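For reference, the structure is listed below as structure tokens.
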2 protein chains.
Amino acid sequence: MSNFKVLPILDPEAAGAVAPCCPPLTERPLTAEEAEQTARMFKALGDPVRLRLFSLVASHEGGEACVCDISDVGVSQPTVSHHLKKLKEAGLLTSERRGTWVYYRVEPSVLAAMGRLLTSAALN
Amino acid sequence: MSNFKVLPILDPEAAGAVAPCCPPLTERPLTAEEAEQTARMFKALGDPVRLRLFSLVASHEGGEACVCDISDVGVSQPTVSHHLKKLKEAGLLTSERRGTWVYYRVEPSVLAAMGRLLTSAALN
DNA sequence: TGTCTATGTTGACGGTTGTCGATACAGATG
DNA sequence: CATCTGTATCGACAACCGTCAACATAGACA
């Protein structure tokens, strides 16, 4: 009976960083706190290997991929694992174990939010 | 007569990194080279101070601002200068000296390109 | 010319990051 | 149970990065 699990609600990092953050960069100056939050996401995509991993997951069918499908990016397996963890901590990916394999999935709302940050009012 | 100047065409870094780069992250996996290029821009926005500086310039009237208008972000003047240089090298800002002051301006096409990278087809 | 202000550069220091090999853990299968 | 495979963690190391004080440079103005 001690065998039930805590629901995977989302780690606090991801949950906090995602939802309400930030008007377009062109609308008004970001506050220090907003910048801190938002920079975390940009930083996560600021490494070539991580960006490729993210793109591999995002472009995979269903927006989700097994680690085994995407680990051919020229670095060792521990490094891949490390980068996927970083992407997860930044709230850009979520992961789920299904049997032997672990699947990573993009968080579409975050993608959209980051897009909004950059797109709207390309000039003001 | 030795007093003429080379036209400020744009430094090669900025010129090269900007134009044609990259389909939406969700469309297909980025190649290593594409990832290298694109990551440079995300990385530039991946520091809170730089992100604030960028936002300060982008949200300033005309999408341009004097250094003196934006240097109150809690770090020393050399640090501000350093970060502006990084943003420039990443192709996100351009600068121009006008008399005593130096003005930084956002590169709207780059902003739009980055937005496209993230927005289109939030899920595929 | 000299001086003042605005901005950039240099050099150094401490903290962070990307990487790997070794190892640990989880689930499947025998 | 043992073993095999897929993935995560650990520990270490070199490289990189953000920061500052000190100094350098550029233009304005007297």
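Remember, it's a predicted structure, so these values are computed and weren't measured experimentally. Naming: A, B, ... by sequence-line order, numbering from 1 per chain.
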Closer than 3.5 angstrom, by distance alone: can the side chain of [X] be matched with the main-chain N or O of [Y] as a donor-acceptor pair?
{"X": "A:Ser95", "Y": "A:Tyr104", "result": "no"}
{"X": "B:Ser55", "Y": "A:Arg28", "result": "yes"}
{"X": "B:Arg105", "Y": "B:Thr94", "result": "no"}
{"X": "B:Arg50", "Y": "B:Ala44", "result": "yes"}

| What pairs with A:His82 under side chain to side chain contact (heavy atoms under 4.5 Å, CB included), at least two apart in sequence or on another chain? |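 Listed in chain order: A:Lys86.
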| query | Who are the side chain to side chain contact (heavy atoms under 4.5 Å, CB included) partners of A:Cys66, not counting sequence neighbours? | reply |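 Result, side chain to side chain contact (heavy atoms under 4.5 Å, CB included) vs A:Cys66: A:Cys68, A:Asp69, A:Trp101, A:Tyr103.
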| said: By nearest atom, which of the nucleotides D:dT7, D:dC20, C:dT7 is closest to the B:Cys68 side chain? | reply: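 My answer, after comparing the listed nucleotides, is C:dT7.
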| said: Of the listed nucleotides (C:dT7, D:dT7, D:dC20), which one gets closest to any side-chain atom of B:Ser76? | reply: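 Of all the options, the side chain of B:Ser76 is nearest to D:dC20.
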| Does a side-chain heavy-atom distance below 4.5 Å link A:Leu92 with A:Leu111? |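 Not touching, per the 4.5 Å side-chain cut-off.
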Spacing of [X] atom [atom1] relative to [N] atom [atom2], expressed in whole Å:
{"X": "A:Glu96", "N": "D:dG6", "atom1": "CD", "atom2": "C1'", "result": "16 Å"}
{"X": "B:Asp72", "N": "C:dA6", "atom1": "CG", "atom2": "C1'", "result": "16 Å"}
{"X": "B:Leu93", "N": "C:dT7", "atom1": "CG", "atom2": "C1'", "result": "15 Å"}
{"X": "B:Arg98", "N": "D:dA26", "atom1": "CZ", "atom2": "C1'", "result": "16 Å"}
{"X": "B:Glu89", "N": "D:dC17", "atom1": "CD", "atom2": "P", "result": "10 Å"}

| task | Please name all residues satisfying side-chain hydrogen bond (donor to acceptor under 3.5 Å, both in side chains) with B:Arg52, sequence neighbours left out, ordered by chain then number. | result |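 Once residues adjacent in sequence are excluded, B:Arg52 has no partner under the side-chain hydrogen bond (donor to acceptor under 3.5 Å, both in side chains) criterion.
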| Could you run down nucleotides 8-16 of chain D 5' to 3' and tag each one B, S or - for protein heavy-atom contact under 4.0 Å? | BB-------
| query | Among residues 44-54 of chain B, which contact DNA chain C at a heavy-atom distance under 4.0 Å? | reply |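 Contacting residues: none.
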| Phosphate contact (C:dT19 OP1 or OP2) by A:His83 side-chain N/O below 4.0 Å |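 Yes, such a contact exists.
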| field | Sequence-distant partners of B:Arg97, salt bridge (Lys or Arg N to Asp or Glu O under 4.0 Å), two or more places apart | value |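 With neighbours one apart ignored, the set is empty.
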